[in-house]
Amino acid sequence: MGWIGETVDSIKSIKIRQLLTQAVTLGMIVTSALIIWKAMMCVTGTESPVVVVLSGSMEPGFQRGDILLLRMTKDPIRTGEIVVFKIDGRDIPIVHRVIEVHERKTTGKVDVLTKGDNNDVDDIDLYADGQMWLHRHHIMGRAVGFLPYVGWVTIIMTEKPIIKYLLIGAMGLLVITSKD
């Protein structure tokens with residue numbers, strides 16, 4: 001009969017109680033993932049504890065597809081640190097190195113200028129119109145570690161959404177057809 005026929009027969013034979021059990025199990029898995037994410041946010045002090053490097057602007061240090069582990073503390077930002085920042089009006093965070101830091105003596109606030117390691121010029125053109133520096137509220141976190149190439153899964157699913165939908169469908173089908 002084949003794999004497809006067996007899967008269809010398996011779906012047809014599902015009882016309501018079994019379907020509810022599987023739905024609750026799926027809900028618990030999703031809830032557990034959200035709880036882990038929120039716990040990571042609390043521990044790291046950043047709204048996004050992990051980010052994927054989406055471009056080659058930080059090569060050779062970080063390749064496209066690397067996952068960066070972030071942490072945000074109250075320590076002053078220093079030249080040479082790799083930070084992840086968000087520009088007003090843009091959704092996607094940027095991973096670049098701090099090349100200049102100016103601390104205002106009167107207020108103690110810090111202005112930061114960044115640049116990608118693989119870029120020829122600083123990031124002023126990336127900032128919002130008229131903005132010359134990043135401020136503390138723009139910075140999401142500092143890179144404290146990385147996992148090479150693991151982020152390619154995210155990049156592929158973003159660039160080719162059909163793969164994402166096929167994976168979600170396959171996982172849903174596995175949950176529905178499991179007999180446990």
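If you're wondering where the values come from, they're calculated on a predicted model, not measured in any experiment.
- Going from atom CG of Leu134 over to atom CZ of Phe85 covers 5.0 Å, rounded to the nearest 0.5 Å.
- Across all their heavy atoms, Thr158 and Pro161 have their closest contact at O-CD, 4.0 Å.
- The NZ atom of Lys86 sits 12.0 Å away from atom NE2 of His137, with the distance rounded to the nearest 0.5 Å.
- Between Asp66 and Leu147 there is no side-chain heavy-atom pair separated by less than 4.5 Å.
- In this structure, Val95 and Met58 approach most closely via the heavy-atom pair O-CG, 3.2 Å.
- When side chains are defined from C-beta on, Ile67 does not count as touching Val51, because their heavy atoms never get closer than 4.5 Å.
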Start with the C-alpha gap between Asn119 and Ser57, add the side-chain angles, then the distance that decides, and say whether side chain to side chain donor-acceptor pair (under 3.5 Å) holds. CA-CA 6 Å; Asn119 294 349; Ser57 67; 4.6 Å; no

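- Judged purely by atom type and a 3.5 angstrom limit, Asn118 uses its side chain to pair as donor or acceptor with the backbone of Gly56.
- Smallest separation of non-hydrogen atoms from Trp37 and Ser48: CZ2-CA, 4.1 Å.
- Contact record, Met72 with Gly141: SD-CA, 3.7 Å, taken as the closest heavy-atom pair.
- Tracing side-chain contacts under 4.5 Å through hydrophobic residues (I, L, V, M, F, W, Y), one reaches Ile163 starting from Ile155; they form part of the same cluster.
- Contact of the Leu68 side chain with the Val50 side chain is not registered, since no non-hydrogen atoms from C-beta on lie closer than 4.5 Å.
- Here the side chain of Lys164 pairs no donor or acceptor atom with the backbone of Ile168 at under 3.5 angstrom.
- Atom CD1 of Ile82 and atom NE2 of His96 lie 10.5 Å apart (nearest 0.5 Å).
- Remark: Arg97 engages Asp117 in a salt bridge, criterion side-chain N to carboxylate O under 4.0 Å.
- The same ILVMFWY cluster, assembled from side-chain heavy atoms under 4.5 Å apart, contains both Ile94 and Val101.
- Put simply, Val84 and Val53 are part of the same group of oily side chains (I, L, V, M, F, W, Y) that touch within less than 4.5 Å, one to the next.
- The side-chain heavy atoms of His102 and Val110, taken from C-beta on, include no pair separated by under 4.5 Å.
- A donor-acceptor pair under 3.5 Å links the side-chain atoms of Arg64 to the main chain of Leu54, judged by distance alone.
- Tested against Tyr127 for a side chain to side chain donor-acceptor pair (under 3.5 Å), the candidates Asp88, Thr114, Asp122 yield a single pass: Thr114.
- The hydrophobic cluster containing Phe62 does not contain Tyr149, counting ILVMFWY residues as joined when their side-chain heavy atoms lie under 4.5 angstrom apart, directly or transitively.
- Looking only at side-chain heavy atoms (C-beta outward), Pro148 and Gln63 stay at 4.5 Å or farther from each other.
- Contact of the Leu167 side chain with the Met157 side chain is registered, since non-hydrogen atoms from C-beta on lie closer than 4.5 Å.
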Given the rule in the side chain to side chain contact (heavy atoms under 4.5 Å, CB included) test, do His135 and Lys109 qualify, once you have shown the distances and angles that lead to the verdict? CA-CA 8 Å; His135 306 291; Lys109 292 190 177 185; over 6 Å; no

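- Once rounded to the nearest 0.5 Å, the distance linking CD of Glu100 with NZ of Lys115 reads 12.5 Å.
- Note that CG of Asp111 is 9.5 Å distant from CD of Gln131, once rounded to the nearest 0.5 Å.
- Contact check for Leu70 versus Val144: no side-chain heavy atoms found under the 4.5 Å cut-off.
- Arg71 and Glu81 are not joined by a salt bridge, as no carboxylate oxygen comes within less than 4.0 angstrom of a charged side-chain nitrogen.
- Of the inter-residue distances, the one linking Thr44 atom OG1 with Leu69 atom CG reads 9.5 Å to the nearest 0.5 angstrom.
- Across all non-hydrogen atoms, the minimal contact from Arg136 to Asp75 is NH1-O, 3.4 Å.
- Note: the hydrophobic cluster containing Trp133 also contains Ile87 (ILVMFWY, side chain heavy atoms under 4.5 Å, direct or indirect links).
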